[in-house]
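Following: one structure in structure tokens, then a few remarks.
Chain letters run A, B, ... following the sequence lines, proteins first, then strands; residues in each count from 1. Keep in mind that the numbers below use all heavy atoms, side chains included, and drop hydrogens, waters and symmetry copies.
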Number of protein chains: 2
Amino acid sequence: MDDDVHESAPAPAAPARTRRRPRAATTERRAEILRAAAHTFGTKGYKNGSLAEVAEQVGITHAGVLHHFGSKEALLVEVLEWRDKEDVRHLEGQHIPGGAELFRHLVRTARMNVERRGIVQGYTVLTGESVTENHPARGWVLDRFTILRSEIAAAIREVGGDAVSDELAARAASAIIGVMDGLQVQWLLDDSVDLPEATAFAIEAILSSALAGVDRPHPLA
Amino acid sequence: MDDDVHESAPAPAAPARTRRRPRAATTERRAEILRAAAHTFGTKGYKNGSLAEVAEQVGITHAGVLHHFGSKEALLVEVLEWRDKEDVRHLEGQHIPGGAELFRHLVRTARMNVERRGIVQGYTVLTGESVTENHPARGWVLDRFTILRSEIAAAIREVGGDAVSDELAARAASAIIGVMDGLQVQWLLDDSVDLPEATAFAIEAILSSALAGVDRPHPLA
DNA sequence: ACCAACTTACTGACAGGTCAGTAAGTTGTG
DNA sequence: CACAACTTACTGACCTGTCAGTAAGTTGGT
């Protein structure tokens with residue numbers, strides 16, 4: 001999908017097939033556009049955010065943006081991929097940790113998120129939009145949930161052992177993701193919601209129930 | 001803005017100034033439009049849903065819709081108010097219960113929601129959209145959260161007694177709302193998520209932690 | 001010179017909203 | 001009851017604005 005852009009190295013023995021050589025500053029230019037697009041899609045949503053607004057932030061026209069990304073939808077896809085990479089880069093240990101460390105990581109993330117409201121808003125708006133018909137970000141959101149769920153479920157079983165059933169672990173994993181996302185919405189609308197504290201409390205609650213109440217019947221059922 | 005509609009009582013000493021009365025079938029017509037609008041805004045979102053699509057469902061033109069509601073935004077507001085009324089009407093006991101019964105009610109709601117995906121989708125899309133700049137539904141969503149939070153927090157304290165601090169009750173209330181909303185998003189995107197079971201599990205977990213762990217330090221903090 | 005990186009200029013689709021006109025319903029008065 | 005005087009409930013044409021996307025031309029780096 002995405003041919004990588006090397007600086008330096010003129011590559012004398014180029015692949016000869018498609019020979020398009022971007023300029024040196026192009027990589028940074030694309031990154032600027034990506035940042036602007038993330039901001040616009042984050043604050044206005046994908047449908048409501050315009051290419052013109054994205055372009056204006058980097059001082060070009062909307063056609064200039066299309067030159068780099070081809071279409072609005074392609075831009076969105078790249079924004080999503082770019083954000084994934086950025087997220088991972090923030091993690092020093094390369095990838096998301098497992099076991100008990102994962103839960104500490106989730107709480108840390110919530111704490112960090114208070115300082116990057118824009119990112120959270122973008123995630124929230126896009127996730128909400130994604131459940132509409134034929135939304136281009138639907139696949140991405142779905143994948144994200146699926147992966148996250150399996151990672152969290154694995155961590156739960158790693159901590160709780162085989163006593164925790166697959167179903168229970170899956171339920172708890174969904175609940176943890178859900179409570180994180182749901183609290184973000186409330187926090188975005190109302191600062192008086194204490195995002196980190198509520199997140200920490202909820203994750204602990206769900207986790208301890210998953211580990212302790214393995215076969216306990218549900219009083220609310 | 002809107003003078004009430006009395007049947008009978010011709011009001012012989014009428015003010016003579018403003019004299020307008022809607023026709024008999026108008027109430028039902030407006031209700032039809034409201035239903036159509038709820039469906040369109042629910043599946044497409046407010047920004048992306050068009051008046052023409054709403055109009056088409058009731059067999060009139062978009063100008064006809066505007067005749068009844070004045071503007072798209074006014075239509076949205078009425079949809080929201082109408083939905084509130086419909087929700088309350090479904091409750092036989094008139095208003096939302098308190099105490100332990102509230103939590104059973106929440107789980108019942110989750111179970112019901114599986115059978116009314118459209119409503120849930122509408123709520124999810126609108127809530128997500130509402131965090132964007134100057135969204136017309138923002139106030140409504142915020143109010144809804146605020147009221148729900150205080151009701152759930154009150155129920156928690158009713159069940160747990162004064163041992164549960166205001167802060168803890170507020171946190172738990174936010175978490176319960178959050179997990180319900182967050183799970184709905186996952187369920188809408190992926191049917192394999194068991195909405196009622198996961199909701200019941202999470203509410204129980206959060207509730208029992210709120211009641212039990214009054215002053216327990218947070219291991220994840 | 002060549003070509004990436006643009007801009008300018010434009011198209012076609014679609015949005016919400018306004019407006020004049022029309023048909024049907026309602027009401028007051030004789 | 002009858003009928004004029006009015007209102008309601010629309011339609012359809014139109015306006016303005018915005019959008020993504022395209023095509024062609026210009027500029028400047030290598």
Rounded interatomic separation in angstrom, taking [atom1] from [X] and [atom2] from [N]:
X: B:Ile33; N: D:dC10; atom1: CD1; atom2: C1'; answer: 10 Å
X: A:Phe41; N: D:dA20; atom1: CZ; atom2: P; answer: 8 Å
X: B:Phe69; N: C:dG17; atom1: CZ; atom2: P; answer: 14 Å
X: A:Asn48; N: D:dT18; atom1: CG; atom2: C1'; answer: 11 Å
X: B:Tyr46; N: C:dA15; atom1: OH; atom2: C1'; answer: 12 Å
X: A:Leu75; N: D:dC19; atom1: CG; atom2: C1'; answer: 15 Å
X: A:Lys47; N: D:dC19; atom1: NZ; atom2: P; answer: 14 Å
X: A:His67; N: C:dT8; atom1: NE2; atom2: C1'; answer: 15 Å

From the list [options], which nucleotide is the closest neighbour of the side chain of [X]?
X: B:Leu66; options: C:dT8, C:dG17, D:dA20; answer: C:dG17
X: B:Lys72; options: C:dC6, C:dG16, D:dA20; answer: C:dG16
X: B:Ala63; options: D:dT11, D:dA20, C:dG17; answer: D:dT11

Please work out if [X] contacts a base, only the sugar-phosphate, or nothing of the nucleic acid, heavy-atom cut-off 4.0 Å.
X: B:Gly70; value: nothing
X: A:His68; value: sugar-phosphate
X: B:Gly49; value: sugar-phosphate
X: A:Thr61; value: base

### Task
Flag yes if more than 12 heavy atoms outside B:His68 fall under 6.0 Å of its NE2 atom; otherwise flag no.
yes
### Query
Can A:Asn113 and A:Trp187 be counted as having a side-chain donor-acceptor contact under 3.5 angstrom?
no
### Message
Taking 4.0 Å as the cut-off, does a side-chain nitrogen or oxygen of A:Arg29 come that near to OP1 or OP2 on C:dC6?
### Response
yes
#### Entry: N/O (side chain, A:Ser50) to phosphate O (OP1/OP2, D:dT18) under 4.0 Å
no
### Query
Is it true that a side-chain atom of B:Thr40 and a backbone atom of B:Ala37 form a donor plus acceptor pair closer than 3.5 Å?
no
#### Entry: Minimum heavy-atom distance A:Leu76-A:Pro136, with the two atoms named
CD2-CG, 3.9 Å
#### Entry: Beyond-backbone contact of A:Thr199 with A:Leu106, side-chain heavy atoms, under 4.5 angstrom
no
